[in-house]
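Heavy-atom basis, side chains included; hydrogens, waters and symmetry copies ignored. Order of the sequence lines fixes the chain letters, A, B, ..., with proteins taken first and strands second; residue numbering starts at 1 for each chain.
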Amino acid sequence: MTRPRVAFYWLSSCGGCDESIVDSIEDFQDFARAVEVVLWPLVMDRRHADLQMLPDGGIDAVFVNGAVRTREHRCMAQMLRRKAKRIVAYGSCAHLGGVYGLANLHESGQLLRRSYVEAPTVSNPEERIPAMEPRTSQLPRLLDAIEPLDRVISVDCYVPGCPPPPELARRALEALFGDTFPVEATSAGFPPPEKGAVLAEKTALCNACPRKASIPETLKIRCFKRLHEVSPDMERCFLDQGLVCLGPATRGGCGARCIQGNMPCRGCFGPPGNVRDQGAKALSFLASLLESRDEAELEDIARAFPDPAGLLYRHSLPASLFRGRLGKPRSWERTS
Amino acid sequence: MWGKAYDGSPCMVAFTCRWCSYEAADSAGRARKVLPADLHIVRLLCSGRADPQLVLQAFEAGADGVIVAGCPPGECHYREGNIHALRRYVFLRKLLSQLGIEDFRFKLVWASASDADGFVAAAWEMAEKIGGVRPYHGRPESGPDGGER
């Protein structure tokens, strides 16, 4: 019986998703016996040509993590789509655009200027920006905006998280390969994913939160507190303490690791199934939990909430309704 | 995509509530008051139903301005729905400005059922402030080869 072929590839990535896949493999020998890995830059050396030599549809599943940031990422994503039977968008960046997606609040040219010229610790008196020097630069051009992977190629299913917990990676592999993959007695076992499925819970994180019992009858927030201003209680619901937690607008299935680490949820699993735009929905519930009925008072509270876009869209800006700053010219090749 | 109105007014969406502000808009119509030509009125049960997602969707679809109109405080048929709308409005305004939508394009208005004039005034005030200036809507269709320019 031939082993299924898998590949793991990264686009604009911090490496955390690959790390979570490594963490999910308990026994590398078992893993190597179960699947044939044809491409995994983190772990093995393969050339572009090796990938091109594979037949179309020759890889059973390709796990793509990272955001589509440059022209090269887009080309690789398209090539992997040709070579793969199924594409799994792995991690927040591939699923929703990820933290990198906050770059969509700025122009690409501006981002480069900030990095190479304006940042306080940079000394670049000639103001040279390598990525923008046409004749000497071999660097791939930045696309003008980050898009989630499913806007560039068609995606078969998603594994959410930043990074996805190792158990989720394992369940994704099991769901895709069913009997051919060693299934442990403890695994919950998803059915083979239908196209477009997000391989986590359908409902919000609050359902599975360890602090659920501490939610009062009516939860009202007097004003928002910043994390550095308080010492969070380890058992009470964060919202009840006035701390912003995105649990109600975030898909569950992560095991509430952050909550157990006494940190409120930052929404990395994206919105639950019935929500189109995570940041907007988060804003909606956070505002409606406030006690105040007076516009001036609400303005004061809002003043203490300096960056709604950065907090509420931390992982999901490219997948939101606006996809970034409206008014951002979207020519794909321009970087200035 | 909505085209340019014959009277040059910008494309606006007004989310109104079935109990007060929609009545106000309706009685403005019955009294033959002139409203901006490109004003699209959406009737919800309550202004508290005006989810930020709806507002964002309106802008994304091409609106130049969005009004959320509800019952004045104390008069909401569902007790506090209009106050929820107020709470969301204050924060949504901030979020929208980060996303490139200026303050004058999004307004929360109280209009009781008999206040047709108030509704009309609010609509024209926004139309005048927006003038002919649209938020940038050029957005290439996305897709593997879409958006090449």
> Taking 4.0 angstrom as the limit, do A:Asp156 and A:Arg81 come out as a salt bridge?
Replying inline: yes
> Do NZ/NE/NH1/NH2 and the carboxylate oxygens of B:Glu102 and B:Arg105 come within less than 4.0 Å?
Replying inline: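 B:Arg105 and B:Glu102: salt-bridged.
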>> At under 4.5 Å between heavy atoms, what parts of residues 23-33 of chain B are in contact with chain A? List them by residue number.
In response: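 Answer by number: none.
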> Do any of residues 81-88 of chain B have a heavy atom less than 4.5 Å from a heavy atom of chain A, and if so, which, in residue order?
Replying inline: B:Ile83, B:His84, B:Leu86, B:Arg87, B:Arg88
> Between A:Ala280, A:Ala309, A:Pro308, which shows the greatest number of heavy-atom pairs under 4.5 Å with chain B?
Replying inline: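 So the answer, after comparing A:Ala280, A:Ala309, A:Pro308, is A:Pro308.
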> Top residue by heavy-atom pair count (under 4.5 Å) with chain B, among A:Gly310, A:Ser288, A:Ala77?
Replying inline: A:Ser288
Interface moiety of [X] toward chain B, non-hydrogen atoms closer than 4.5 Å:
X	result
A:Ser154	neither
A:Leu312	neither
A:Asp150	neither

>> Which residues pass the ring pair (Phe, Tyr, Trp, His ring centres under 6.0 Å) test with B:Tyr89, not counting sequence neighbours?
In response: B:Phe106
Rounded to the nearest 0.5 Å, what separation is found between the [atom1] atom of [X] and the [atom2] atom of [Y]?
X	Y	atom1	atom2	value
A:Arg323	B:Leu99	CZ	CG	13.5 Å
A:Leu51	A:Ile59	CG	CD1	5.5 Å
A:Cys245	A:Asp240	SG	CG	11.5 Å

> So which of B:Asp51, B:Leu54, B:Ile41, B:Ile67 actually passes side chain to side chain contact (heavy atoms under 4.5 Å, CB included) with B:Phe15?
Replying inline: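 With B:Phe15 as partner, B:Asp51, B:Leu54, B:Ile41, B:Ile67 yield a single side chain to side chain contact (heavy atoms under 4.5 Å, CB included), made by B:Leu54.
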> What residues of residues 296-303 of chain A sit under 4.5 Å from chain B when only non-hydrogen atoms are counted?
Replying inline: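 When heavy atoms of chain B are the reference, residues 296-303 of chain A contributes A:Leu298, A:Glu299, A:Ile301, A:Ala302, A:Arg303 within the under-4.5 Å range.
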> Where do A:His73 and A:Thr70 land on the side-chain hydrogen bond (donor to acceptor under 3.5 Å, both in side chains) test, with the steps shown first?
Replying inline: CA-CA 5 Å; A:His73 294 148; A:Thr70 66; 3.3 Å; yes
[X] side chain to [Y] side chain, donor-acceptor N/O pair below 3.5 angstrom:
X	Y	answer
A:Tyr9	A:Asn65	no
B:Ser112	B:Glu75	no
B:Gln98	A:Asp307	yes

>> Students often mix this up, so state it plainly: with edges at 30° and 60°, are the rings of A:Phe305 and A:Phe224 parallel, tilted or perpendicular?
In response: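 Ring orientation of A:Phe305 relative to A:Phe224: perpendicular.
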> Hey, is CZ on A:Arg222 packed in by over 12 heavy atoms from elsewhere, all under 6.0 Å?
Replying inline: no
> Within the side chain of A:Thr250, is there an N or O that forms a donor-acceptor pair under 3.5 Å with the backbone of A:Cys265?
Replying inline: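 No.
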> Do A:Arg251's NZ or CZ and the ring of A:Phe269 fall within the cation-pi criteria of under 6.0 Å and 45°?
Replying inline: no
